[in-house]
Protein chains: 2
Amino acid sequence: MYERGDLFNPACGTRVVLDRIGDKWTALAVLLLQHGPLRFTELRDGIGRVAPKVLTQTLRRLERDGLVTREVFAEVPPRVVYALTPMGRSLITPLTTVSNWAEEHINAINTAQSQYDATV
Amino acid sequence: MYERGDLFNPACGTRVVLDRIGDKWTALAVLLLQHGPLRFTELRDGIGRVAPKVLTQTLRRLERDGLVTREVFAEVPPRVVYALTPMGRSLITPLTTVSNWAEEHINAINTAQSQYDATV
DNA sequence: CTGAATCCAGAACGATACTG
DNA sequence: CAGTATCGTTCTGGATTCAG
């Protein structure tokens, strides 16, 4: 069992979660799902330019983590619906906290980057 | 100027910030600096096993973003001290929010992963 | 002590074509 | 429709060595 505060431990929960939400499409997928279930194509279109292989990887990881459910309907054409689990929904809050901070500071960050680059 | 909510925009602030704190050592470095300035070696030892090149990259990016200051003392041997800027300190709160969520759910995530793997 | 230089392995991401 | 298969590129992180 993992013990809190063990930041040196590679299995540190914070690191695992940051690894996950830090990849390119995971956060976006979760935020897209916050208002209800979506099909594969709806997620793909909502995200924009993402290769189907990569979107599948993203969703499989979320499913494996217990954050998203995947429901397959045996129809023709097939229909697959993704939805957040309760744990997935609980992730919205911390994600929004980071998102709000980001939106509030992105202009300052961009400015800082420009100034830094000008000195180099 | 970036407009909020434009999640499709690759320059989306949320994406930029998640990219940054999602890399391997950035969050850890910021958290280590939250209680005061540290030298290069202190950060390296605090993080554990990290190549100097990678730690330098991490700190340079944070400096470029305006989140960390780098102060060089012209001594022998040289001394370089890193510290959080006000904006860097303001990042502690959202980072802690995510960290808390992670610590609260990491056991559930590990369990979900084990169950998922058992079915595949 | 603080890093810069170099080389390397692996992962992430992407483009495209194809299938049940 | 919802993927899988394949191939290729780019990026990240790591090990090691050397320098001011």
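Numbers restart at 1 for each chain; the letters A, B, ... are given by sequence-line order, proteins then strands. Everything numeric here is computed off the predicted structure, so don't read it as measured data.
Note: CG (L59(B)) to P (dA4(C)) measures 11 Å, nearest angstrom. dG14(C) atom C1' lies 14 Å from atom CD1 of I47(A), rounded to whole Å. Protein atom CD of E63(A) is 15 Å distant from nucleotide atom P of dA2(D), rounded to whole Å.
In terms of phosphate contacts, T41(A) brings a side-chain nitrogen or oxygen within less than 4.0 Å of OP1 or OP2 of dA2(D). An OP1 or OP2 oxygen of dG3(D) is reached within less than 4.0 angstrom by a side-chain nitrogen or oxygen of Y82(A). The phosphate of dG3(D) has OP1 or OP2 within less than 4.0 Å of a side-chain N or O from R70(A). For R79(B) and dG3(C), the shortest distance from a side-chain N or O to OP1 or OP2 is not below 4.0 Å. Note on R39(A): every side-chain N or O is 4.0 Å or more away from OP1 and OP2 of dC1(D).
For the side-chain contact (heavy atoms from CB on, under 4.5 Å) with R70(B), the qualifying choice from L59(B), V81(B), V80(B) is V80(B), the only one to do so.
Shown here are the side chain to side chain donor-acceptor pair (under 3.5 Å) partners of W101(A), two or more places apart in sequence or in another chain: H105(A), S90(B). The side chain to side chain donor-acceptor pair (under 3.5 Å) test applied to E71(A) returns no partner, not counting sequence neighbours.
Sorted by first then second residue, the salt bridge (Lys or Arg N to Asp or Glu O under 4.0 Å) pairs that include residues 76-87 of chain A, not counting sequence neighbours, are E75(A)-R79(A). Each salt bridge (Lys or Arg N to Asp or Glu O under 4.0 Å) pair with one or both residues in residues 51-62 of chain B, not counting sequence neighbours, appears once here: D23(B)-R61(B). Residue pairs satisfying the side-chain hydrogen bond (donor to acceptor under 3.5 Å, both in side chains) criterion with at least one member in residues 111-120 of chain A, sequence neighbours excluded, are listed as follows: Q113(A)-D65(B), D117(A)-R64(B).
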Protein-to-nucleotide contact annotation, 5' to 3' order, nucleotides 13-20 of chain D [B base; S sugar-phosphate only; - none; under 4.0 Å, heavy atom]: BBB----B

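Note on R44(A): nothing from the nucleic acid sits closer than 4.0 angstrom, heavy atoms only.
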